[in-house]
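Below is one structure; the comments refer to it alone.
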Amino acid sequence: MKLLELKSVGKKFGGVQALSDVNLTVQLGEIYGLIGPNGAGKTTLFNLLTGVYSPDIGEINFDRASLVGLKPHQVASKGIARTFQNIRLFQEMSVLENVMVGCHARTKVGALGAVLKTRASKDEEANIYRQSMAWLAYVGIESEASSLSKNLSYGDQRRLEVARALATQPKLLALDEPAAGMNATETEELKALIKKIRADGVSVLLIEHDVKLIMSLCDRLAVLDYGEKIAEGEPDAVRGDPAVIKAYLGGNLP
């Protein structure tokens, strides 16, 4: 079943064509990878998908509804959460508070109820606390709940970003270079976490420069070069594609 579909998507910034006629489909329950050299258009695609930009042309459909023209918070409410290439945490807030921010994206009690501290508001806040602690346990950093997020190790900051994104209860988790800066052990732990996320019913769209990781993890992947999709398919097929070898690596893929 199709979860996400891009049809002939294009985006230009001034005289630069960042994306041109991009078509791709992410299936429900899939880990889908997106690779390509720097400047290929990967992050632009993520920004289009999550409402940071709107496409100049083309369709972006998610769960059978168009995302074009929606703002980031509206896209999140539809069921897409993302992390960023450069970690974006609330540095002066605790680890727990960072995840609670994600949970608040699904709150039902309005601002008036929160101000008046109604019974429903108190119950919801208690539930948010429980959910946030559960998400921290899910990614393995519940012992750091009271720490400031800025004091976490690099790998744990990445885990916290994932926990905060998952707290919004997404159908699709979009990860922008989550292994960047990680050592080998942290990368293996991340790989296991992504597999667990998919096993628990969340589809994953992954940008990553670690080709070995993405080839071993993804069900399918697409390759962008100069804003165009030059290959798509299962890892073994993409690995041997001459266009990919020429444009991306200049040699054989690992």
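From a predicted model like this one, the values you see are computed outputs, not experimental measurements.
- Leu224 places none of its side-chain heavy atoms less than 4.5 Å from the side chain of Ile230.
- Taking CG of Leu213 as the start and NZ of Lys191 as the end, the distance is 6.5 Å to the nearest 0.5 Å.
- A heavy-atom distance below 4.5 Å is not found between the side chains of Asp156 and Val95.
- Linking ILVMFWY residues whenever their side-chain heavy atoms come closer than 4.5 Å, directly or via other members, leaves Phe46 and Ile57 in distinct clusters.
- Not a single side-chain hydrogen bond (donor to acceptor under 3.5 Å, both in side chains) links Glu142 to another residue, sequence neighbours left out.
- Nearest approach of Val68 to Pro55, heavy atoms of both residues: CG2-CG, 3.9 Å.
- The minimum heavy-atom distance between Pro37 and Asp225, with the atom names listed, is CG-OD1, 3.5 Å.
- Taking 4.0 Å as the cut-off between side-chain N and carboxylate O, Asp56 and Lys12 do not count as a salt-bridged pair.
- Between the side chain of Glu161 and the main chain of Arg88, a donor-acceptor pair closer than 3.5 Å is present.
- Under the 4.0 Å criterion applied to side-chain N and carboxylate O atoms, Asp219 and Arg198 are assigned as salt-bridge partners.
- Once rounded to the nearest 0.5 Å, the distance linking CD of Glu208 with CD1 of Ile194 reads 8.0 Å.
- Atom CG of residue Asn151 and atom OG of residue Ser146 lie 10.5 Å apart, to the nearest 0.5 angstrom.
- Sorted by first and then second residue, the side chain to side chain donor-acceptor pair (under 3.5 Å) pairs with a member in residues 17-27 read Ser8-Asp21; sequence neighbours excluded.
- Between Glu30 and Arg220 there is a salt bridge, with a side-chain nitrogen of the basic residue lying less than 4.0 Å from a carboxylate oxygen of the acidic one.
- Nearest heavy atom pair, residue Thr43 against residue Ile207, reads N-CD1, 3.9 Å.
- The pair Arg158-Glu186 does not count as a salt bridge, with every side-chain nitrogen at least 4.0 angstrom from each carboxylate oxygen.
- Contact of the Ile60 side chain with the Ser66 side chain is not registered, since no non-hydrogen atoms from C-beta on lie closer than 4.5 Å.
- Under the 4.5 Å side-chain criterion, counting only non-hydrogen atoms from C-beta, Leu34 is not in contact with Leu206.
- Listed by chain and number, the residues in a ring pair (Phe, Tyr, Trp, His ring centres under 6.0 Å) with Tyr53 are Phe13 (sequence neighbours excluded).
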**Prompt:** Which is it for Leu172 and Val204 under the side-chain contact (heavy atoms from CB on, under 4.5 Å) test, yes or no, and what are the steps along the way?
**Reply:** CA-CA 6 Å; Leu172 177 69; Val204 178; 5.7 Å; no
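- Residues Gln91 and Gln157 have side chains in contact (heavy-atom distance under 4.5 Å, counting atoms from C-beta outward).
- Between Thr168 and Gly102, the closest heavy-atom pair is CG2-O, 3.5 Å.
- A salt bridge links Lys171 to Asp63: one of the charged nitrogens lies within less than 4.0 Å of a carboxylate oxygen.
- Note that CG of Leu45 is 6.0 Å distant from CG of Leu24, once rounded to the nearest 0.5 Å.
- Around atom CZ of Phe84, more than 12 heavy atoms belonging to other residues, nucleotides or ligands sit under 6.0 Å away.
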Going through the distances and angles, do Glu97 and Arg164 end up as a side-chain contact (heavy atoms from CB on, under 4.5 Å)?
CA-CA 9 Å; Glu97 288 168 338; Arg164 185 177 62 185; over 6 Å; no
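- Connection of Val52 to Val16 is not established within any shared hydrophobic cluster, with ILVMFWY side chains joined at heavy-atom distances below 4.5 Å, either directly or through further cluster members.
- Rounding to the nearest 0.5 Å gives a distance of 6.5 Å between CD1 of Ile31 and SG of Cys218.
- Open room surrounds CD on Glu234; 12 or fewer heavy atoms of other groups in view lie less than 6.0 Å from it.
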**Request:** Might you work through the side-chain contact (heavy atoms from CB on, under 4.5 Å) test for Val22 and Glu228, ending with a clear yes or no?
**Result:** CA-CA 6 Å; Val22 173; Glu228 297 183 357; over 6 Å; no
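- Tyr226 and Val238 are not part of a single hydrophobic cluster, where members link through side-chain heavy atoms under 4.5 Å apart.
- Between Gly41 and Leu19 the shortest heavy-atom distance is O-CD2, 3.6 Å.
- Under the 4.5 Å side-chain criterion, counting only non-hydrogen atoms from C-beta, Phe90 is not in contact with Lys150.
- Around the CG atom of Leu28, the shell of radius 6.0 Å holds more than 12 heavy atoms that belong to other residues, nucleotides or ligands.
- Under the 3.5 Å distance criterion, the side-chain polar atoms of Asp241 are left unmatched by any main-chain donor or acceptor of Ala237.
- Hydrophobic clustering (side-chain heavy atoms under 4.5 Å, transitive across Ile, Leu, Val, Met, Phe, Trp, Tyr) keeps Leu96 apart from Leu148.
- For the pair Val9/Leu48, a side-chain contact is recorded, criterion being any heavy-atom separation below 4.5 Å from C-beta on.
- By the 4.5 Å heavy-atom criterion applied to side chains, Arg159 and Leu152 are not counted as neighbours.
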When you look at Val99 and Leu136, which way does the side-chain contact (heavy atoms from CB on, under 4.5 Å) test go after all the steps? CA-CA 8 Å; Val99 181; Leu136 290 176; 3.6 Å; yes
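- When all heavy atoms are compared, the tightest approach of Gly36 to His209 is O-CE1, 3.5 Å.
- In this structure, the side chain of Gln74 engages the main chain of Lys71 through a donor-acceptor pair within 3.5 Å.
- A cation-pi contact, defined as under 6.0 Å to the ring centre and within 45° of the axis, links Lys196 to Tyr138.
- In this structure, CZ in Arg239 is found 9.0 Å from CG in Leu221, a value given to the nearest 0.5 Å.
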